[in-house]
Amino acid sequence: QYAKLDGAKIHYKSYGKGNDTLVLVHGWGCNLNHWRDQIPELSKRNRVIALDLPGHGESDKPQLAYTMDLFANAIDAVMRDAKVERAVVAGHSMGTPVARQFYRKYPQKTLGIVIVDGGLRLFGTKEMREQFQAMIRAPNWKEAGTQMFKQMSGTMAAADQERVVTSFTSTPQYVLVGAMESM
């Protein structure tokens with residue numbers, strides 16, 4: 001399914017039934033498939049909507065500013081298209097500041113926020129963030145990002161590591177840079 005946001009398509013999938021809806025927001029460089037192991041259990045009791053944020057997965061990837069506001073507006077567009085008035089928004093990693101921004105912009109549509117491995121404050125020092133952003137802007141960003149994700153995933157199964165790396169390297173560099181700067 002696709003919702004429209006300023007002419008761009010936002011890909012999403014809806015699972016389960018019920019009056020209560022849980023919206024799943026993936027992390028930086030990921031897509032809705034990163035929730036695949038949680039969706040079957042969560043959708044037994046509730047309606048669950050997972051989306052590909054703009055610039056990620058099967059959503060359109062226009063050349064524009066990839067901000068937390070854009071991502072929050074995408075959640076709103078998906079909820080309107082899916083006929084959901086209010087939802088709990090669960091954000092993984094970068095999905096945390098996205099969920100927080102959704103709440104700021106649409107408090108009447110937010111039943112709650114769930115944080116999964118995300119932070120409410122800036123991570124690291126200013127120097128660390130600048131080095132990280134420089135890595136993502138560099139010509140070898142795919143190789144550097146692949147190394148980073150492989151180090152972070154530690155004991156994760158090889159197939160799951162590959163899924164993470166594939167979604168990251170499939171996300172355009174301008175999307176990753178914009179989202180990181182906005183975060």
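Bear in mind that the values here come from a model prediction, so they are computed numbers and not experimental data.
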Considering residues, nucleotides and ligands other than [X], do more than 12 of their heavy atoms fall under 6.0 Å from its [atom1]?
X      : atom1 : value
Glu130 : CD    : yes
Tyr15  : OH    : yes
Asn19  : CG    : no
Asp6   : CG    : no

Measure the [atom1]-[atom2] distance between [X] and [Y] for me, rounded to the nearest 0.5 Å.
X      : Y      : atom1 : atom2 : result
Thr146 : Gln151 : OG1   : CD    : 11.0 Å
Met135 : Asn140 : CE    : CG    : 9.0 Å
Lys61  : Ser170 : NZ    : OG    : 8.5 Å
Met94  : Leu53  : CE    : CG    : 5.0 Å

Do [X] and [Y] sit in one hydrophobic cluster, given that two such residues count as connected whenever their side-chain heavy atoms are within less than 4.5 Å of each other, even indirectly?
X      : Y      : result
Tyr174 : Trp141 : yes
Ile49  : Ile75  : yes
Leu111 : Val23  : no
Val177 : Met183 : yes
Leu51  : Ile39  : no

Kindly indicate whether the side chain of [X], heavy atoms from C-beta on, has any atom under 4.5 Å from the side chain of [Y].
X      : Y      : result
Gln38  : Val48  : no
Tyr12  : Leu24  : no
Lys109 : Met79  : yes
Phe132 : Met180 : yes

Report the relative orientation of the aromatic rings in His26 and His56; use parallel for angles under 30°, tilted for 30 to 60°, perpendicular for over 60°.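 Tilted: the ring planes of His26 and His56 meet at 30° to 60°.
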Could you tell me how the ring of Phe71 sits relative to the ring of Tyr66: parallel (under 30°), tilted (30 to 60°) or perpendicular (over 60°)?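 Correct class here is tilted.
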Shortest non-hydrogen separation from [X] to [Y] and the atoms involved:
X      : Y      : value
Ala179 : Met68  : O-CE, 3.6 Å
Phe102 : Val89  : CD2-CG2, 3.8 Å
Arg163 : Asn33  : NH1-O, 3.2 Å
Ser93  : Gly27  : CB-CA, 4.2 Å
Gly55  : Pro172 : O-CD, 3.6 Å
Trp28  : Leu176 : NE1-O, 3.1 Å

Take Thr21 and Arg86, measure what side-chain contact (heavy atoms from CB on, under 4.5 Å) needs, and give me the verdict at the end. CA-CA 7 Å; Thr21 301; Arg86 297 176 65 195; over 6 Å; no
Take Leu70 and Leu5, measure what side-chain contact (heavy atoms from CB on, under 4.5 Å) needs, and give me the verdict at the end. CA-CA 9 Å; Leu70 172 70; Leu5 176 62; 3.8 Å; yes
Checking Ile113 against Val88 for the side-chain contact (heavy atoms from CB on, under 4.5 Å) test, could you report, in this order, the C-alpha distance in whole Å, the side-chain angles of both residues, the deciding distance, and whether it holds? CA-CA 6 Å; Ile113 296 173; Val88 172; over 6 Å; no
If we count only N and O atoms by modelled type, under 3.5 Å, do the side chains of [X] and [Y] hold a donor and an acceptor together?
X     : Y     : result
Ser14 : Arg47 : yes
Glu58 : Asn31 : no
Tyr2  : Asp81 : no

For the pair Glu181 and Arg137, find out whether any cationic side-chain nitrogen is under 4.0 Å from an anionic carboxylate oxygen.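 Result for this pair is yes, salt bridge flagged.
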Cationic N near anionic O, under 4.0 Å, Asp60 to Lys4: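 Here Asp60 does not pair with Lys4 in a salt bridge, since their nearest N and O are not under 4.0 Å apart.
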Could you please spell out the steps behind the side-chain contact (heavy atoms from CB on, under 4.5 Å) verdict for Met156 and Val164? CA-CA 10 Å; Met156 188 183 288; Val164 171; 4.3 Å; yes
Assess whether salt bridge (Lys or Arg N to Asp or Glu O under 4.0 Å) is satisfied between Asp52 and Lys9, documenting all intermediate values. CA-CA 10 Å; Asp52 287 331; Lys9 293 187 304 185; over 6 Å; no
